[in-house]
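Have a look at the structure below, then the notes.
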Amino acid sequence: MRAFISLLAPVIVFVGTGLAQDTQTTYCEYQDGSEVSMQYNPNVKEEPKNGRIWSPGITLFVQVPLTLGGSAIPLGAYTVYLIPDRKNWTLIVNKNVTAGAAYNSSQDVARAPMELGEIPDPTKELQLSFAHMSAKQCSLRVYYQKVGAFVDFLEE
């Protein structure tokens with residue numbers, strides 16, 4: 001695993017407090033003013049297990065058609081799942097947003113491998129942020145324990 005380096009110069013990161021207690025919202029605004037956002041609770045209820053679907057309670061809100069890992073994501077709200085592993089993570093966008101629903105792969109809209117790195121200061125809370133990389137590219141950053149994982153959402 002390589003060391004994780006934060007790219008702060010070209011990055012615009014927005015993090016705010018959501019409506020529910022302890023809920024965080026992070027978003028990225030594309031050059032044309034449209035945005036992608038995620039709501040999540042930094043206090044993880046269930047610990048991730050290598051190679052297994054992990055549902056840390058992340059909701060994705062898409063206000064402009066996006067592409068993730070070559071798959072189109074239409075406008076709407078989605079549940080985000082992760083599959084952590086020692087050497088790679090996968091991000092899954094799933095159209096079932098019913099609270100407490102069991103994961104069903106037939107509801108997947110997109111899957112993408114995430115790049116990994118090791119962060120210097122491990123975190124006990126889940127942290128999400130977006131980095132605005134270019135006019136039509138926002139990179140999601142996921143930090144948990146000693147792992148920094150990231151993947152790009154591209155505006156269509």
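Please read all numbers here as calculations on a predicted model, not as lab measurements.
Taking the six-membered ring for Trp and thresholds of 30 and 60 degrees, Tyr103 and Tyr81 have ring planes more than 60 degrees apart, a perpendicular arrangement.
Taking the six-membered ring for Trp, Trp89 and Tyr144 have ring centres at least 6.0 Å apart.
The one candidate from Val142, Ile92, Leu140, Ile58 that meets the side chain to side chain contact (heavy atoms under 4.5 Å, CB included) condition with Val80 is Ile58. Considering Glu29, Glu155, Lys136 in turn, Glu155 is the only one that fulfils the side chain to side chain donor-acceptor pair (under 3.5 Å) rule with Ser34.
Under the 4.5 Å side-chain contact rule for hydrophobic residues, Leu60 and Leu154 do not share a cluster. Using a 4.5 Å cut-off between side-chain heavy atoms of Ile, Leu, Val, Met, Phe, Trp and Tyr, with links allowed through other members, Met38 and Val36 fall into the same hydrophobic cluster. In this structure, Leu116 is a member of the same hydrophobic cluster as Phe130, with clusters built from ILVMFWY side-chain heavy atoms closer than 4.5 Å.
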Check the pair Glu156 / Thr67 against side chain to side chain donor-acceptor pair (under 3.5 Å), numbers first and verdict last.
-> CA-CA 6 Å; Glu156 288 187 345; Thr67 301; 3.2 Å; yes
List the steps, then state whether side-chain contact (heavy atoms from CB on, under 4.5 Å) holds for Thr25 with Phe61.
-> CA-CA 10 Å; Thr25 300; Phe61 297 95; over 6 Å; no
Residues Met114, Leu82; criterion side-chain contact (heavy atoms from CB on, under 4.5 Å); working and verdict = CA-CA 10 Å; Met114 302 181 80; Leu82 299 164; 3.8 Å; yes
Could you walk me through whether Ile73 and Phe153 pass side-chain contact (heavy atoms from CB on, under 4.5 Å), step by step?
-> CA-CA 9 Å; Ile73 304 174; Phe153 286 87; 4.1 Å; yes
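Shown here for Tyr143 and Gly148, the closest heavy-atom pair between the two residues is CD2-CA, 3.8 Å. Of all non-hydrogen atoms in Val151 and Ala112, the two that sit nearest each other are CG2-CB, 3.8 Å. For Ala77 against Val97, the heavy-atom pair with the smallest separation is O-CG1, 3.5 Å. Counting all heavy atoms, side chain and backbone alike, Arg141 lies closest to Ala131 at NH2-CB, 3.7 Å. Residues Tyr78 and Pro74 share a closest heavy-atom pair of OH-O, 2.7 Å.
Once rounded to the nearest 0.5 Å, the distance linking OG1 of Thr90 with CG of Asp85 reads 8.0 Å. Atom OG of Ser134 and atom OH of Tyr30 lie 9.0 Å apart (nearest 0.5 Å). Atom CG of Asn94 sits about 8.0 Å away from atom OG of Ser106, to the nearest 0.5 Å. Separation of atoms NZ (Lys45) and OG (Ser55) is listed at 10.0 Å; rounding is to 0.5 Å.
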Which pairs of donor and acceptor atoms, one on a side chain in residues 121-128, lie under 3.5 Å apart (sequence neighbours left out)?
residue : atom : partner : partner atom : Å
Thr123  : OG1  : Glu125  : N            : 3.2
Thr123  : OG1  : Glu125  : O            : 2.9
Thr123  : OG1  : Gln127  : NE2          : 3.2

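A donor-acceptor pair under 3.5 Å links the side-chain atoms of Asn41 to the main chain of Asn43, judged by distance alone.
For the pair Leu75 and Pro65, the minimum side-chain heavy-atom distance is below 4.5 Å.
Looking at residues two or more places apart in sequence or on another chain, you find a side chain to side chain contact (heavy atoms under 4.5 Å, CB included) between Thr98 and Asn96, Ala101.
For residues 94-113, the pairs satisfying salt bridge (charged side-chain N to carboxylate O under 4.0 Å, His left out) are Asp108-Arg111, with sequence neighbours left out.
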